[in-house]
S.K.: 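Can you keep this structure in mind? I'll have questions shortly.
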Amino acid sequence: MIKYLLQLADNALILGHRLGEWCGHAPEMELDIALTNVALDLTGQARSLYQRVAELEGLGKDEDDYAYLRDAWEFRNALLVEQPNGDFAHTLVRQFIFDAYNYHLHHALTQSKDEWLAGFAAKSLKEITYHLRFSSEWMLRLGDGTEVSHAKLQAAIDNLWTYAGELTTPNEIEKELASHGICPDLSQLKTAIEAKMAEVLAAANVTAPVGAWMQSGGKDGSHSEHLGFILAEMQFLQRAYPGLEW
Amino acid sequence: MFATLIKIRLHLQRNFCFLLQPYQIMTSVNLEAIFQSKIDDEVKIEPKDWMPDAYRKTLIRQISQHAHSEIVGMLPEGNWITRAPSLRRKLILLAKVQDEAGHGLYLYSAAETLGADRDELVQQLLTGKAKYSSIFNYPTLNWADIGAIGWLVDGAAITNQVMLTRTSYGPYARAMVRICKEESFHQRQGYELMMAMSFGSPEQKAMAQDALNRWWWPALMMFGPHDSESTHSDQASKWKIKRKSNDELRQNFVDVTVPQAEYLGLTVPDPDLRWNEERGHYDFGKINWDEFWNVVKGNGPCNRQRIQARTKAYEDGAWVREAAMAHAEKKEQRKLQPEAAVKAA
Amino acid sequence: MKKEWPLWEIFIRSKSGLNHKHVGSLHATDAEMALENARDLYTRRNEGVSIWVVESKHITASDPDDSDPLFEPARDKVYRHPTFYTVPDNVSHM
């Protein structure tokens, strides 16, 4: 259970962190505010999840211990969310793939047999529903907009699609929890997630690579090279001056 | 009671309207007199009202500078978002920097009611034609800088902005009311951060002192040149755009901030600072105006980086903005001519 | 092609039972984006339950030079205000 919650929390934390990198640098000021809103939602979700983990573990740790004092191999986020921002098309495709998955996941989690998790999912679902709407609309804008934007969007899909599969392929933890009705069976969710993706991609007039190799490992702590740098930056103060209140 | 109020209002309105009778010949002198009498009577000027060209220009300049300052001001703090040392601090900082983007937008929106075009205003920023608050040309070097900016820079800004909520131009005043409401959290979070650092470990306290040392004087400079040197002050106060002088505002700021520094156990980096019983104010040392003008002219530690960062965002974002516009136009087109769109496809 | 996103005027209903009130403007390419931008910009602190967006070019404002013919005539009609009428204090519920 703890590992599963960390999976959810780390996804939210790392993606929120990446979005925070845009703050002050987005393509338009209105968009700056919108991206930061998503970052705030995700970081807030991560916080609740870490607090819950701390409570379940009962080792006297707090939320920051999980975010700031674990090394890369202890992080359980999917590879997708740690990928660099790249241009706006890459940020958007990363967001859209994640939102489509995250929406259906949280929708299903509202039925979790774990009462806390069901409550958390219900609350987060409102935020995630908006994220999906936002990223879907922007997929259309870039896909339909200009030749340049269409080409950039397609290139981002080609680059990032290899990280989509990990989200819908259950690892041992997810299989185990699904059998107890705590989390959904991902193989069943997969259809709905893929349908949503196909719908938006078609509307945006772009295509997903056929038969692409799907990378995996993030959920079990085997990451891309990017995560180490994220953590080096994020954890710097906590590591350089251990044990202080900030 | 209520009746009396209505009578007073009617009376005022009548008197005021008398000035606007159509049979009067509206010479510019006349218009200007009416305009000034509104200002003197504390009647807000609204977008479509007649106003002197110079008033319009002054406002566009001041409001857009203010907007640019908010947008450029996102950079020094944004610099620490990825390094914020706790989740709580990270959320606060994200929200704060986001607020600054919001404040920039409120202000551009106010400037646009005067007929300015946002894209042109942004161009003026990027080409160096328009200024922004010089304070943001200083670097953020340690985490306590985030606290110092909230406490000192936002503190100084609030002193100025509270005055601006009563400024004579309606849309500007309303934007400032909104901004001030939101800013009060900014200063508080800054001071809270400074408390955590000042009462923390020796290293943390050293960071706090270092931040105060670097931000104190630039914060005092934020109020602008001495009244005797300031070129815009007279007209701006006649028009009630600005309602207190630079030196008055600066003195207010010093008076409220020094005790706050004492509470933190930090030393204000000014050997001449002392309480003047007679004046009922703090006396403080000479401001280094050479430094001030030098930074204004573009030679601050970060002037180039700030404009480069904004230019990069603007240029890198061009294709995104164009795509969104093109999509909206195509969508509109498809709505108008569904058949043609089908044929074209 | 270089075109700025059009300007939209934003109206927010701060809670049920109140009118939508003009709060400012922003830029967006279409109505959907204007709504989303308005939500992000003007309701970050829970300020609203409903949003209207209108592209600025569609708003027609009265001309201040016309204020007299437009508004002056209403000023004389004091009999439209309840305070015009005297009702004895001991008559209640009126």
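Note on naming: letters A, B, ... go to the chains in the order of the sequence lines (proteins, then strands), and numbering restarts at 1 for each one. This structure is a prediction, so every number in the text was calculated from the model and none was measured.
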S.K.: Can you tell me how far the CE atom of B/Met325 sits from the OG atom of A/Ser149, to the nearest 0.5 Å?
M.R.: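 The OG atom of A/Ser149 is 13.5 Å from CE of B/Met325, to the nearest 0.5 Å.
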S.K.: What option among A/Gln235, A/Glu245, A/Arg239 has the most heavy-atom pairs under 4.5 Å with chain B?
M.R.: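 Option with the greatest count: A/Glu245.
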S.K.: For chain A, which of B/Glu100, B/Lys330, B/Lys331 has the most heavy-atom pairs under 4.5 Å?
M.R.: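 The answer is B/Lys330.
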S.K.: Look up atom CG in A/Leu244 and atom CD in B/Gln204, then write down how far apart they are to the nearest 0.5 Å.
M.R.: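 The distance works out to 4.5 Å.
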S.K.: Given that the side chain runs from C-beta out, which part of B/Tyr108 has a heavy atom under 4.5 Å from chain A: side chain, backbone, both or neither?
M.R.: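 The answer is the side chain of B/Tyr108.
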S.K.: Measure B/Met194 against the heavy atoms of chain A and call it side chain, backbone, both or neither at under 4.5 Å.
M.R.: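 Contact with chain A involves no heavy atom of B/Met194 at all.
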S.K.: I need the minimum non-hydrogen distance between B/Ala323 and A/Leu142, along with the two atoms involved.
M.R.: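 Here B/Ala323 and A/Leu142 meet closest at CB-CD2, 3.9 Å.
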S.K.: If I compare all heavy atoms of A/Ala26 with all of B/Ala313, which pair ends up nearest, and what's the gap?
M.R.: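 Where A/Ala26 meets B/Ala313 most closely, the heavy atoms are O-CB, 3.9 Å.
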S.K.: What's the separation between atom CZ in A/Arg47 and atom NZ in B/Lys90, rounded to the nearest 0.5 Å?
M.R.: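 A/Arg47 CZ to B/Lys90 NZ: 12.5 Å, rounded to 0.5 Å.
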S.K.: Looking only at heavy atoms, which two atoms of B/Gln98 and A/Ile33 are closest? And how far apart?
M.R.: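 Heavy-atom minimum between the residues: NE2-O, 2.9 Å.
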S.K.: Less than 4.5 Å apart, side chain to side chain, heavy atoms only: is that true for A/Leu237 and B/Trp80?
M.R.: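 Yes, close enough: below the 4.5 Å cut-off.
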S.K.: B/Met197 versus A/Trp246: any side-chain heavy-atom pair under 4.5 Å?
M.R.: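 A side-chain contact under 4.5 Å exists here.
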S.K.: Give the C-alpha distance, both sets of side-chain angles, the deciding distance and a yes or no for side-chain contact (heavy atoms from CB on, under 4.5 Å) between A/Asp87 and B/Asp316.
M.R.: CA-CA 8 Å; A/Asp87 63 6; B/Asp316 290 356; over 6 Å; no
S.K.: Based on non-hydrogen pairs under 4.5 Å, which of A/His25, A/Met234, A/His17, A/Gln238 is most in contact with chain B?
M.R.: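 The option with the most such pairs is A/His17.
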S.K.: Given side chains that start at C-beta, do those of B/Val97 and A/Thr36 come closer than 4.5 Å, heavy atoms only?
M.R.: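 Side chain of B/Val97 against side chain of A/Thr36, heavy atoms only: no contact under 4.5 Å found.
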S.K.: Could you report the tightest heavy-atom contact between B/Ala326 and A/Gly145, atom names first, then the distance?
M.R.: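 That would be CB-O, 3.5 Å.
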S.K.: Should A/Glu21 and B/Thr82 count as side-chain neighbours, where that means a heavy-atom distance under 4.5 Å?
M.R.: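 With C-beta onward as the side chain, the pair touches.
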S.K.: Against chain B, label A/Asn37 side chain, backbone, both or neither, depending on which of its atoms sit under 4.5 Å from a heavy atom there.
M.R.: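 Both backbone and side chain of A/Asn37 come within 4.5 Å of chain B.
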S.K.: Determine yes or no for a side-chain-to-main-chain donor-acceptor pair under 3.5 angstrom, with A/Tyr241 supplying the side chain and B/Glu203 the backbone.
M.R.: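 Here the side-chain-to-backbone pair does not exist.
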S.K.: Check A/Glu30 with B/Arg118, please: is the shortest side-chain N to carboxylate O separation under 4.0 Å?
M.R.: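 Yes.
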S.K.: Give a yes or no on whether B/Phe199 atom CZ has more than 12 heavy-atom contacts from other residues, nucleotides or ligands under 6.0 Å away.
M.R.: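 Yes, the 6.0 Å shell around CZ holds more than 12 heavy atoms from other groups.
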S.K.: Chain A heavy atoms under 4.5 Å from B/Leu94: which part of the residue, side chain, backbone, both or neither?
M.R.: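 Its backbone and side chain both get close to chain A.
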S.K.: Count the heavy-atom pairs under 4.5 Å between each of A/Ala67, A/Gly16, A/Gly24, A/Gly44 and chain B, then report the option with the highest count.
M.R.: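 Looking at each of A/Ala67, A/Gly16, A/Gly24, A/Gly44 in turn, A/Gly24 comes out on top.
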S.K.: In terms of side-chain heavy atoms, does B/Glu322 have a donor or acceptor partner in A/Thr146 at a distance below 3.5 Å?
M.R.: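 No.
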S.K.: So do the side chains of A/Leu31 and B/Val320 get within less than 4.5 Å of each other, counting heavy atoms only?
M.R.: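 A/Leu31 vs B/Val320: side chains touch.
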S.K.: Could you tell me which portion of B/Leu105 (side chain, backbone, both or neither) has an atom closer than 4.5 angstrom to a non-hydrogen atom of chain A?
M.R.: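 Contact with chain A is through the side chain of B/Leu105 alone.
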S.K.: Can you tell which of B/Gly317, B/Ala196, B/Pro85 has the highest number of heavy-atom pairs within less than 4.5 Å of chain A?
M.R.: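 Top count of heavy-atom pairs under 4.5 Å with chain A: B/Pro85.
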S.K.: For the candidates B/Arg310, B/Glu315, B/Arg88, B/Glu77, which exhibits the highest count of non-hydrogen atom pairs separated by less than 4.5 Å from chain A?
M.R.: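 Result: the option with the highest number of such pairs is B/Arg88.
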S.K.: So which heavy atom on A/Glu28 is nearest to which on B/Arg321, and how close?
M.R.: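 Where A/Glu28 meets B/Arg321 most closely, the heavy atoms are OE2-CD, 3.4 Å.
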S.K.: Identify which part of B/Val122 has an atom lying under 4.5 Å from any heavy atom of chain A, answering side chain, backbone, both or neither.
M.R.: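 For B/Val122, side-chain heavy atoms alone lie under 4.5 Å from chain A.
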S.K.: Do B/Arg334 and A/Asp144 sit within salt-bridge range, that is, some charged N less than 4.0 Å from a carboxylate O?
M.R.: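 Yes, charged N to carboxylate O under 4.0 Å.
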S.K.: Would you call A/Trp138 and B/His327 a side-chain contact if the rule is heavy atoms closer than 4.5 Å?
M.R.: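 Counting from C-beta outward, A/Trp138 and B/His327 never come under 4.5 Å.
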S.K.: Is there a donor-acceptor pair closer than 3.5 Å between any side-chain N or O of A/Asp64 and the backbone N or O of B/Leu87?
M.R.: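 Looks like yes, one N/O pair under 3.5 Å.
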S.K.: So which part of B/Leu93 gets closer than 4.5 Å to some heavy atom of chain A, the side chain, the backbone, both or neither?
M.R.: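 For B/Leu93, no heavy atom lies under 4.5 Å from chain A.
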S.K.: At a 4.5 Å cut-off on heavy atoms, which part of A/Phe88 comes close to chain B: side chain, backbone, both, or neither?
M.R.: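 Both parts, backbone and side chain.
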S.K.: Counting only heavy atoms not in A/Lys3, do more than 12 sit closer than 6.0 Å to its NZ atom?
M.R.: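 Not buried by this count: 12 neighbours or fewer within 6.0 Å.
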